[in-house]
Each structure stands twice: as structure tokens, then as C-alpha cells.
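Okay, so here's the structure we're looking at.
So you know, we letter chains A, B, ... as the sequences are listed, proteins then strands, and number each from 1. Since the structure is predicted, the reported quantities are computational estimates derived from the model, not experimental observations. Note that these values count all heavy atoms, side chains included, but never hydrogens, waters or copies made by symmetry.
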2 protein chains.
Amino acid sequence: LDYQHVQVPFEITLWIMLASLAKIGFHLYNKLPSVVPESCLLIFVGLIMGGIIYGLNDRSPPVMDSDIFFLYLLPPIVLDAGYFMPSRPFFENIGTILLYAVVGTIWNVFGIGFSLYGICQVKAFRLQDVSLLHNLLFGSLIAAVDPVAVLAVFEEIHVNEKLHILVFGESLLNDAVTVVLYKLFRSFCEMPTIKSVDVFAGVGKFFVVGLGGVLVGLSFGFTAAFTTRFTKDIRVIEPLFVFLYSYLSYLTAEMFHLSGIVAIISCAMGMKRYVEANISLKSHTTVKYFMKMWSSVSDTLIFIFLGVSTIGENHEWNWPYICFTVIFCLVWRALGVLVLTFFVNRFHVNTITSKDQFIIAYGGLRGAICFSLVFLLPDFHRKKLFIAATTVVILFTVFVQGMTIRPLVDLLAVKRKRESAPTVGEQIHIRFLDHLLAGIEDISGHWGQYYWKDKLEYFNSKYLQKILLREYDQPKSSIVLLYEKLERKHAIELAQAGQLGHGLAHPSFLSSDRTVITDQKLEDTPNPDVLDNMQEILARNLYRIRRTGPAYNRHTLPGDSEPTEHAKEILILRHKSL
Amino acid sequence: LDYQHVQVPFEITLWIMLASLAKIGFHLYNKLPSVVPESCLLIFVGLIMGGIIYGLNDRSPPVMDSDIFFLYLLPPIVLDAGYFMPSRPFFENIGTILLYAVVGTIWNVFGIGFSLYGICQVKAFRLQDVSLLHNLLFGSLIAAVDPVAVLAVFEEIHVNEKLHILVFGESLLNDAVTVVLYKLFRSFCEMPTIKSVDVFAGVGKFFVVGLGGVLVGLSFGFTAAFTTRFTKDIRVIEPLFVFLYSYLSYLTAEMFHLSGIVAIISCAMGMKRYVEANISLKSHTTVKYFMKMWSSVSDTLIFIFLGVSTIGENHEWNWPYICFTVIFCLVWRALGVLVLTFFVNRFHVNTITSKDQFIIAYGGLRGAICFSLVFLLPDFHRKKLFIAATTVVILFTVFVQGMTIRPLVDLLAVKRKRESAPTVGEQIHIRFLDHLLAGIEDISGHWGQYYWKDKLEYFNSKYLQKILLREYDQPKSSIVLLYEKLERKHAIELAQAGQLGHGLAHPSFLSSDRTVITDQKLEDTPNPDVLDNMQEILARNLYRIRRTGPAYNRHTLPGDSEPTEHAKEILILRHKSL
């Protein structure tokens, strides 16, 4: 037996296996996941495992290594979040999200820090040795809402899209603020005296960290898109580039002390559109599947480790400090949301309702990021107290808030997410309104959201697409993509039912004049089912639009139909060969 | 800048990125890959990089770590090989493959070892200090044909399936022999005296290592299949189990000093059939894609590292020893193939032609396994000579043999692989003949290949499928699977061309009586294209077969059509809802 030799990969594989089996186990009982969030169950499994390890070895089980967490477990989750981020609601609410993420987090950090310092002044609590800086440092790590925990809970309760993106976007973007404040206070702790210059440098650093992350991410994202232009002959390594470049963006950002989370999200959002167009359908399925898989496993491992790490002798218990921490976390977040939303609502027509505000405040879950940060603290005599307080806050938010948020959403009748995907008709209307509003803003000279969106789209179609896309012909609009997806799904269903092979036998389909076919087709259906007909007309028309050019793009002239004719001929030839 | 922190993942990612970009680079020039095998080019890139590192640092570049090779780079390639192994030709030729792998490898080891010992006795060569045991040890590591190198070359030259499986199967299965002989001689080297008991123990150990590997692999494979029964609710982690279990089988085998390669191949071949039936189509695409991707990246990294490791000061040059090593490797392999094939051909009707024999002998490429094994040798004063000889043999086989084998295959007009997939008709005939032969063997009382295959199939459908498959109804025959695949491909092509949506509008398709439709359909096609019609008839008929039960299975009674009726009804309902 030679265990030493294979230990590292063997134990990693076993941990992942355990996580996957735990996941399967929960889903075997259908009722369990609908009552308790998975994150709670996983922490519970971790607690039991930690207890067993503690009982057997009689010493604290190993805590989650912060390096492992930040370098290996966090990136897949954030990548997944960024890649599947619904970009429309995100950019529509970017202002509000940034306000919550930046101002809200700073508010929470200072609020919690100062009020805990106030508690420390009470002599009866025996906490006078905890300085203001230490309290602020603690505040900076405990204030940030955790994307992993938020995602785990909010994915299950299906609130409306805007509410979801507000909480989730905040939890992602506050990383830049947390990183800066945490490092600032940590370096202040080690400095003998603090000058006002240092404070201003800290404020400046925030912009560097955030915007630097965005820049690093976007440059890697565009490089990724550019690389996938050349993978036509070796389709099989296409998915690799998506993962490699986004991981590199994360690591590079971390290396330069920028926000890795912001970088990987920018990278994923920047490359998605072009990569999707360049790589094959199968590669894309693989990318999506593997992203989901990895993030799901990472997520599971994080919560299990969180449970395991809780058990042990790392804690120093102090009732007042811990209780007040929980209370202040709740109170300051609620206050912050109320105040910020008041300002947001003054400038928006589509306001955030008080129910939504409650869920935003209540959904501020803390998770593994706080936990890793508290272990990264420099050693000082009260570190164990901070660890205990952080653990309690995490367990409280994940268990109490995570388990009660679903009943509360039901009770308050918070607006839910619509279940069905938008229809093709809706998409057309949304697109139409976008163009209309862009036109109105253009005429009125108001540089609003639609104006910038339109400019960006112009820049994209004029320059970026030409560089980053392999087959640059018509920019496919999202409607056409949706339609193609529906068609493909339909085709596979037909194939599975053995209903295929008739369309081709009909000789008239092989003729090139499509308009005639459509009419003829509409006439010779003896039992015209209304729905079927409508679907067919839409399908036909959309198909014709796709071939006759980008009717939705304001920036191209309707004249240049040469590539369209070419594509048409290819299609006809392909049909004949079939 | 904090490079230390991210160094490990950053460098790994960069290496993988380099490998992928190198791959893209080669495929940009279409002519290059058709002349030079990719493996040669990659080694060349590695040599250049090694030269640069050597030039800059003025010391040997780091050699490929044997642990990294055996634990991380080799498993993906072997897993891919095992999972996509064409099982029919493999099992049809298993006897010949085992003969080559076991007897052939032993022949080569002792042949090369003893004749090199003979060379060492020549005083002029100054090699008298290399003992017989050391020569045998060297023979044991240099004799084994390398699956990675073989795969890299043979995938490009497209020889016929039997020839391919003979060389490739041998390269995979000789791992058990190599492991045993290498470890045996290595322990002999360290022993003061060798008893005859040790030699017999070595022979016995071979069976333990080989069969133990098979057992470990199969048990993990069946566990994997069993696990995927329960993943219906969390499709997204299905692909994970395929990778986790096969990797665990490899690690477990290595841990117990069994053959990891044999284990992972048995695992992959054992689970493939059941896993494929259990997991969703998208999961399966992901599994296949990721396997190919990983193996392709591993492969690239191995050859680049091989090049990098070649540069440096690890070599001791001795012309006669190195030249004779290359010559003996070629001569003993050629002799071995000739002698073994002589015996094989006496017992087979379908003989191995002399052209095929030449390619088998010539295709015995050495690669990274030898290279890693030679670095794992215990330190002794002639280790550098062995390293030099191994490097030369690898470079000679990969460059000279690898580059000339394609022109030779052309020149000798070796039978090529058929380009097209077997048609449905051919598959039916093959299946029919299998049953016929099984019947004949049954009646004549001869326990031949078909008899055992049939028994295995019976055991499979009677017990294994019931345990391992989630939806155990009809075992889908390979013909139906092929047909389904063709249909799906066809459907997606139709959808992409925008030709869909007519089949449904035709009202008669919604009626449940299918036979009527077929006839009616055949009649009302005014321009009956012969090919189209044939395809359609086949498709219809196959579909009917699929619904009316497993007509190809000898072991089920034709009576129990209840689940068939049920499936039919579901299909009809689905159509109506569409």
C-alpha cells in the first residue's frame, strides 16, 4: 500500500465525491430541498463531519484554507455567476447596484465598526482592549454580503428579476470595496501613526481596485473572444479557452491586488457574446454544463468546509460582543437600504417597493468570504473572538434568514419571477421600444441609458465584431437566436418522436421561392389549428428576416445584400444534398 | 505585485494555455499537420523552449516530474482511450492483443536486456560496469510501447480498424507487464541475493497486477453506473461522476501497486454503456467533449515537457550503447511480431498480412512513460547513460518512425479505415450474423467467442441492466441508437435551415395509426427520389421496431408489450401538445 504517493489527488477526489453524493442524497427526498435551503443542509453535514473528526482525533479539524478558497473554490462560482448574468436587468439597474455596493457597504462597515467600538467602551463587557481600528477591520470583513450564500438562497426562492439582480449584483460588486477597506484597515493596524494622506490614498485605491478589475477582465475577455476565432479546426479545445482566460483574469487581478471577482465577472460578460458566436454548439453546451457543474461542486464544498471549520477550539466566546454584532449587522443593513432606496426612488419612475426593500435588507447573507478573511487576519490576542463572532453571524444569516426568507416572500406576496421565457413577440416589442427610446433621447439631446446603449451597440457592430467574430456577416439579434433555439428544441423533440423525414419528401420545399410555399402551405392545411398556424407564420417571417439582413440595426444600410444572397444559396444547396 | 500567492495555479494555467495556443498555431497552416505529426512539432516546441530556458538560466530546465506525469497527465489520456475504445474489434482480437502485450513485451525486455549485456562485455566500449540486472531493468522500461505516442501517430494515419486496435491495445495492456517487470528488476537491484522464489513471486505478481487492475476498474465502473441512476434531479453534476470514479479507480489501483492504466480502461469500458443510458444527452455531450479536451491538452503538455526535459546536462553519451539500444529495440520488436504473428495466424482464418505485421513492428513508438520511468530509477552511476539512451530512443521513434509511417502506409497500400459510419443495414446484418453464429456454437457445443458474448449479453440484460439502469424498459440496441443519432443530426440540420414546422401542420401525422401514414406518405410523393424513399422506409420501419419491442434480443419473449403501449401513448400525447 502506497498511500503517500496518491494522497493529494485522492483526497481531493474524495472530497468532491462526498460533496456530489451529498447533493444527490438531498435531492432523493423531494420534500427536503423545498423546506430547507441546500446551503443549510450542507453546513449541517459539515458540522457532523467536523464533529466526527474532532471526536476521533481529539483536536480541531482542519479549517478551510483561505488560499484554497480564494484560488480554487471561489472563481468557478463567480465565473458561473458572471457568465449567466442577465445583462439587461443588470445594466438597467447598474446605478442602484453600485450605490448599494459602494455606499451601502461603506455605510455598513463604519456603522458596525463604530457601534461595536461603542459596545467595547462598556466596562462590564470586558472588551476595552479591542481598539477602534480592530473594530473597523472586523466591520470591513463582516459587512460584505456574500455572493455564494446569496446565490444559494435566491436561486431557490424565485423572486422577481429586478430584486434578484439588486441583491446579487450588490454582493458581487461590493468585493472591490471590501478588498480595499479590509486591506486599508489591516495596514493601518500595522502602522504606528496614520496620516490623512493614507486615508485619501485609500479612497483613490478604491477606484483603482474596481476599475482595474474591470479593465483586466475586459482585456482577457476580448483576448479570449479573439482566440476562439482561430479554433475552427480543433473544436475540441474551444471550451478550454473560456475557462483559462477567465481564470487568468482572476489570478492576474489578484496578483496586482485588484478585485478578482470584478475582473472575472467583466471577463465573462465581455467574452460571452463573441465566444458564443464563434464556438460550436456542442462546445457551448460543454462550456455551460461544465460551468454549472464546477460552480455547483465548489458551492457544495464551500458550505461543507464551512461546517467542518466551525467545530473546534478556535473560538473565544463573549456574549455581548457576539450578540451585538448580529444585531448591528441587521440594523445597519436595514437602515442603509432604507436611506439609499429613498434617494434611488426619488430619481426613478420604477420605484423599489417597501416589500422589495425588506427582502433586500433581509437577504444580506454572509458567507465563506467573511470566514476566509477572518482567518487571514494578522494574529492578535482577540482574533478568536472575531472568529467566533463571524461564525455566529454566518450561521445566523444562513440558517435563520436563509430558512425564513422563503416563507416571508410567500407571506408578503413579493412579486415573483415569471416562469416562462419571453415570447418572440415580446422580444420584438422590447427591441422596438429600445430603438424608439434611443431615437427620442437622440432627438432631445438627453444622454440617457438608451443613448449610451445604442452608441455601444454601434461601436460593437462597427469595430468589435469585425475583430472578434470569425464569421462576420450579419450580427444575429437575440430574437433570431431565441427563434433558432426554439427551432432546435422542436427539431430534437420531433426526432425523438420519430416524426421527421417528411418535410424533405415534399418536393415543393426544395424549390427556392419561399413565399409561394408559405401561402400554399397555409392554404392546404385542412384543419388549421390557430396556434400552429401562428407559430408557423412567425417562424417563416422570422426566417425571412434573418436572411434578408439585419432589419433591427439602425446603423447598416439596407443595400448590401450580397452576403445574404450567398447564405441563401448555401442553404438551398444543402437542402438539395440532404 | 504578489506573485507568490497565485504562482501555482497561474503557472499551471499558463502552461495549459501555451499548449492550447501551440495546438491552434499548428492547425492554422493546413499543410503542416498533414506532413509532420503533431507530436513531433510539440516536442520541437518543447526543445526550443528548453533551449531558451537553458540559455537564460544557464542551468538545466526542470525535467517533467514523474509524479505529475503519472498522477495528472496520463489518466485523462487513458480514460479517453478506454471510453472511446471500439469494443467490438477490441474483444474480437483480445487474444492476439494479450499475446503481443504479455509475451511480446517479455520477449522484448529480455531480448533487449540480454543483448545489451552482450554489448557491455565488449571491452572497447568501456561499459563493463553495467550489470545484467541493470540492463534488464533498462530493457523493462524501454521495451514498452507507449499508448500516448501510438495514439498521436495512429490517429492521423487512419489504418484499418484491426491493425489500429492491435497496436493500440498492446500499448495499453502492456502496462501491467511493464509495471511488474520494472518493479521486479528494481527490487532485485537492491537485493543482495536473488532467490528463485522471488522470480516465481514475480510471475505470480503479473496476474495479480493485471487482473487486480481489471477488478478495481470494473467495480468502480459499476459503482459509477449505479450512482448515475440517482442523478435525475441534478443533471448538472452527472458528468462529474464519470470523471471522479474513473480517476478514483486509477488512483486506487496505483495505491495498491496494481496497473492503473488497466484499471481506468476497465472502468471506462465497464461504465460507458450504462452511464450513457442513464445520463441526459447534454451531459453525455459534455462528458465526451471534456474527455477529448482533457486528453488533448494532456497529450500536448506531455510532448512539450518531453522536449523541454531533453535539453540539459542529464545525459552521459556513449555511442555504442545508445546506437545498439536503438537497433535492438527495432530488431527485437520486429522478430517478436514475426514469431508471435506466425502462431496467431495458424489459429485464425482472418490472418494478419505481412504488410500489417510490418506496420505493427514499425508502429512500436516509445514515449513519455519510458521517460518518466527512467527518471524514477534509483540513483546509480550510469543513470545518466540510461537517460540519454531513453531520450534518443524516444526521439528516434517519434521523429523518424512517426514521420515515415504515413508515407510507408501509403507506399505499401495498407488497408485503410473505411471513412463512413456503418449503415443501418450493415448493422442489422452484423447483428443477425452474431446471433446466427451464437446459435451454431450453441448447437455444436463449441464454447467460442460468440457463445460467451451471448452469455454475457444475457447476464447483462437479466441482472446488470436491472441494477444499473434508471429506466429499465427495453434495452436499446446499437442499431436503434445509431438511427436515433442520425435522426437527431438530421433534425438539427433541418432546424438550422429553417425547414421545420411543416411535419406538424400536416394533420394526418397527429393520428395514432402510423402504418396508414407511411403508406399514404409513400403514395402521395409525386417525385419519388429513390434514396429519400429508401431512407424513409427504413426510418419508419426502425421506428416501428423500436416501439414493438427488442426484436434482436434472443432472451425476451415477444409477449410483454405493455410498456411499449405506454411509451406509444406518451408519444401521441406529446405530439398533440406540440
Side-chain angles (χ1 to χ4, degrees), chain A residues 1-3 6 9-10 13 16-17 20 23-24 27-28 71 230-231 233-234 236-237 239-241 244 247-248 251 254-257 282 285-286 289-290 292-293 296-297 487-488 490-492 494-495 497-505 507 509 521 525-527 532 536 539 543 571 574-575, chain B residues 1-3 6 9-10 13 16-17 20 23-24 27-28 71 230-231 233-234 236-237 239-241 244 247-248 251 254-257 282 285-286 289-290 292-293 296-297 487-488 490-492 494-495 497-505 507 509 521 525-527 532 536 539 543 571 574-575:
Chain A
L1 191 77
D2 182 10
Y3 183 61
V6 297
F10 196 75
T13 318
I16 298 176
M17 183 73 98
S20 317
K23 248 190 149 65
I24 288 188
H27 284 272
L28 278 186
L71 291 183
F230 305 103
T231 52
D233 295 320
I234 24 167
V236 89
I237 58 168
L240 204 62
F241 287 109
L244 286 180
Y247 192 42
L248 273 184
L251 292 177
E254 288 283 308
M255 196 158 71
F256 292 106
H257 296 292
K282 277 191 182 174
T285 306
T286 307
Y289 227 84
F290 234 78
K292 285 269 168 234
M293 199 178 90
S296 155
V297 169
E487 279 284 83
R488 220 155 31 220
H490 182 52
I492 289 171
L494 276 185
Q499 280 268 2
L500 218 69
H502 318 290
L504 277 187
F509 289 156
K521 196 72 210 159
T525 42
N527 284 14
D532 259 338
E536 179 152 41
Y543 181 56
L571 275 175
R574 196 202 273 168
H575 288 314
Chain B
L1 190 78
D2 182 12
Y3 184 61
V6 296
F10 196 74
T13 317
I16 299 176
M17 182 73 98
S20 318
K23 249 191 149 69
I24 288 188
H27 284 271
L28 279 186
L71 290 184
F230 304 103
T231 53
D233 295 321
I234 23 169
V236 91
I237 57 169
L240 204 62
F241 287 108
L244 286 180
Y247 193 43
L248 273 185
L251 292 177
E254 288 283 306
M255 196 159 71
F256 291 107
H257 295 291
K282 278 191 181 173
T285 307
T286 308
Y289 227 82
F290 234 78
K292 286 269 169 235
M293 199 178 90
S296 156
V297 169
E487 280 282 85
R488 217 153 35 218
H490 182 53
I492 288 172
L494 276 185
Q499 281 270 359
L500 219 70
H502 316 292
L504 277 186
F509 289 156
K521 197 74 210 156
T525 42
N527 283 15
D532 260 336
E536 177 152 43
Y543 182 55
L571 276 174
R574 197 201 274 168
H575 289 313

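- Here the OH atom belonging to Tyr247(A) is positioned 5.5 Å from the OG1 atom belonging to Thr13(B), to the nearest 0.5 angstrom.
- For Leu28(A), the part lying near chain B is the side chain, with the backbone staying farther off; criterion is any non-hydrogen pair under 4.5 Å.
- Ranked by heavy-atom pairs under 4.5 Å with chain B, the list Leu244(A), Val6(A), Val297(A) is led by Leu244(A).
- Contacts between Ile24(A) and chain B at a heavy-atom distance below 4.5 Å involve backbone atoms as well as side-chain atoms.
- In this structure, the portions of Ile237(B) lying under 4.5 Å from any heavy atom of chain A include both its backbone and its side chain.
- Only the side chain of His257(B) comes within contact range of chain A, judged by heavy atoms closer than 4.5 Å.
- Around NZ of Lys292(A), the count of heavy atoms belonging to other residues, nucleotides or ligands within 6.0 Å exceeds 12.
- Scanning for ring-ring contact (aromatic ring centres under 6.0 Å, His included) contacts around Phe290(A) gives Trp294(A), Phe290(B), with sequence neighbours left out.
- Thr285(A) touches chain B through backbone and side chain together, each having a heavy atom under 4.5 Å away.
- For the options Phe230(A), Tyr3(A), Phe241(A), heavy-atom pairs under 4.5 Å to chain B are most numerous at Phe241(A).
- Residue Ser296(B) touches chain A through its side chain alone, counting heavy-atom pairs closer than 4.5 Å.
- At a 4.5 Å heavy-atom cutoff, the contact between Leu251(A) and chain B is made by backbone and side-chain atoms alike.
- One distance of note links CE of Met293(B) with OG1 of Thr286(B); it measures 10.5 Å at 0.5 Å rounding.
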